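Data first, discussion second: the structure below is written as structure tokens.
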Amino acid sequence: MLQQTQVTTVIPYWKRWMRTLPTLQKLARAKPARILKLWEGLGYYSRARNLQSAAQKIVTEHAGIFPNEPEQIRELPGVGRYTTGAISSIAFGQAEPIVDGNIVRILTRIFGIQQNPKEKKTQEKIWQLAQTLVSAAKDCSSLNQSLMELGATVCHPSQPECENCPVARSCAAKREKNTHLIPARGKPIRYEDKEIKVYLLAHNGKILLQQRPEGITNAGFWELPNNETGPEITLPKRARPITSAKHNITKYRIKLNAYSIKPGPFKGRWFTFSDLRKFPVSAAHRKILKFLEPHVSRTIE
DNA sequence: AAGACGTGGAT
DNA sequence: TATCCAAGTCT
């Protein structure tokens, strides 16, 4: 859950997840839709699918016992170099290094590394430093967590609080007033705005939703019919316009048209708003639906 | 190697 | 509002 996600965002999800799926066996056997619902709103949903696959792998290949060898941990789906080190050092107390966004910032600044940390060569250098530090540590778990915590609370991306930094006197970036240049940034990836037409078809307080197919972004979520995942909708004459609007949601620009219409030959499933509490709906469509709810209630005859 | 993957917090 | 970034991984 913590991969590319802030701790404060994760905490309520983690509590709910652990309450619902407290054991590896329950996670392994859970329905995918339940997993998706528990993860709803966190993003990067392959993490959730991978986590269940990992649980299943542990049940079938490790007799249900979480492996403690880094090589075996690394084989679990969704577990990369960072997570392997985090589990090995924090859960099992082993001297394995970790490098997350915080530690990249800490180490490049302290050691004055000006190369772009995205480059493979630079990455290897940073991992090597992390390895050296954790190898010398008395408490590997605390060392790794302390480095991350220092990055999160003091060594901010911009305007680091060097006055409050316990290792300020060892920091090359502070000494050379380089903290705004280190770590170096590559060119950011640009995403094009997409314009999507979304339709609200409502009748008697129910709305038509469709499920996103496997293999695409936000697979499995229920959402309003739209021309991204389905064909352009041709509306029957009996459709009555209710409202229309434009929304900017993340990288999407959404044109929205809402109609009051009797159930007809449409693909999908009709939901009341209270039905939706049990079904996964993407964050973008949650926002749209919140805006539309008052209009839907007016379609009740 | 470069890009996709999601969403929300912070500036 | 725009941009960056978050306890990264996979292709």
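Because the structure is a prediction, the values reported are computed rather than measured. Chain letters run A, B, ... following the sequence lines, proteins first and then strands; every chain starts at 1.
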Check the phosphate of C:dT9 against A:Thr83, side-chain N and O only, distance under 4.0 Å to OP1 or OP2. Yes or no? yes
Just to confirm, is there a sub-4.0 Å distance from OP1 or OP2 of B:dC5 to any side-chain nitrogen or oxygen of A:Thr217? yes
Rounding to a whole Å, what distance do you find between A:Arg47:CZ and B:dG8:C1'? 12 Å
Rounded interatomic separation in angstrom, taking NZ from A:Lys118 and C1' from C:dG8: 9 Å
Under 4.0 angstrom, heavy atoms only, what part of the nucleic acid is A:Gly43 near: base, sugar-phosphate, or nothing? base
Between B:dT11 (P) and A:Gln159 (CD): distance, integer Å: 9 Å
Nucleotide nearest A:Gln145 (side chain, heavy atoms from C-beta), chosen from B:dT7, C:dA7, B:dA1: C:dA7
In terms of heavy-atom contacts, does CD of A:Gln159 have more than 12 from other residues, nucleotides or ligands at under 6.0 Å? no
Under a 4.0 Å heavy-atom cut-off, which of residues 101-109 of chain A touch DNA chain C? A:Gly101, A:Asn102, A:Arg105
Give the rounded distance in Å between these two atoms: CD1 of A:Ile126 and P of C:dG8. 13 Å
For A:Arg49, check salt bridge (charged side-chain N to carboxylate O under 4.0 Å, His left out) against everything at least two apart and list the hits. none
Can you say whether the rings of A:Phe66 and A:Phe92 are parallel (under 30°), tilted (30 to 60°) or perpendicular (over 60°)? tilted
Sorted by chain and residue number, the side chain to side chain donor-acceptor pair (under 3.5 Å) partners of A:His295 (sequence neighbours excluded) come out as A:Arg298
Side chain A:Tyr82 and base C:dG8 donor-acceptor under 3.5 Å: no
From the candidates B:dG8, C:dA7, B:dA1, the one with an atom nearest any side-chain atom of A:Lys120 is B:dA1
Looking for any heavy atom pair under 4.0 Å, which part of the strands does A:Ser158 touch: base, sugar-phosphate only, or nothing? nothing
Find the distance A:Gln4:CD to B:dG3:C1' and express it as a whole number of Å. 13 Å
Of the nucleotides C:dG8, B:dG6, C:dC10, which one has an atom closest to the side chain of A:Tyr45? B:dG6
Whole-Å distance, A:Trp127 CH2 to C:dG8 P, equals 10 Å
Can you tell me, in whole Å, how much space there is between the C1' of B:dA1 and that of C:dT11? 11 Å
Between A:Asn50 and A:Pro157, just flag the one whose closest nucleotide in DNA chain C comes earlier from the 5' side. A:Pro157
A:Gln6 has a side chain; which of B:dG6, C:dA7, C:dC4 sits nearest to it? C:dA7
Short side-chain to backbone donor-acceptor contact, A:Asn226 and A:Leu224, under 3.5 Å: yes
Options C:dA7, B:dT7, B:dC5, nucleotide nearest the side-chain atoms of A:Ile90: C:dA7
Roughly, in whole Å, what's the span from CG in A:Leu2 to C1' in B:dG9? 15 Å
N/O donor-acceptor pair under 3.5 Å between A:Arg105 side chain and A:Gly151 backbone: yes
If you count the non-hydrogen atoms of other residues, nucleotides and ligands that lie under 6.0 Å from CZ in A:Arg16, is the total more than 12? yes
Give a yes or no on this: more than 12 heavy atoms of other residues, nucleotides or ligands lie within 6.0 Å of atom NZ of A:Lys125. no
Assess whether a salt bridge exists between A:Lys37 and A:Glu40, defined as any Lys/Arg side-chain N lying under 4.0 Å from an Asp/Glu carboxylate O. yes
Within this structure, what is the CD1-to-C1' distance between A:Ile189 and B:dA4, rounded to whole angstrom? 7 Å
So what does A:Val79 touch, heavy atoms closer than 4.0 Å: a base, only the sugar-phosphate, or nothing? sugar-phosphate
Regarding A:Asn218, tell me which of base, sugar-phosphate or nothing describes its non-hydrogen contacts under 4.0 Å with the strands shown. sugar-phosphate
Closer than 4.0 Å, any side-chain N/O of A:Lys287 to the OP1 or OP2 of B:dG8? yes
With rounding to the closest Å, how many angstrom separate the P atoms on C:dA7 and B:dT11? 13 Å
Roughly how far apart, to the nearest Å, are B:dG6 and C:dC5 at atom C1'? 13 Å
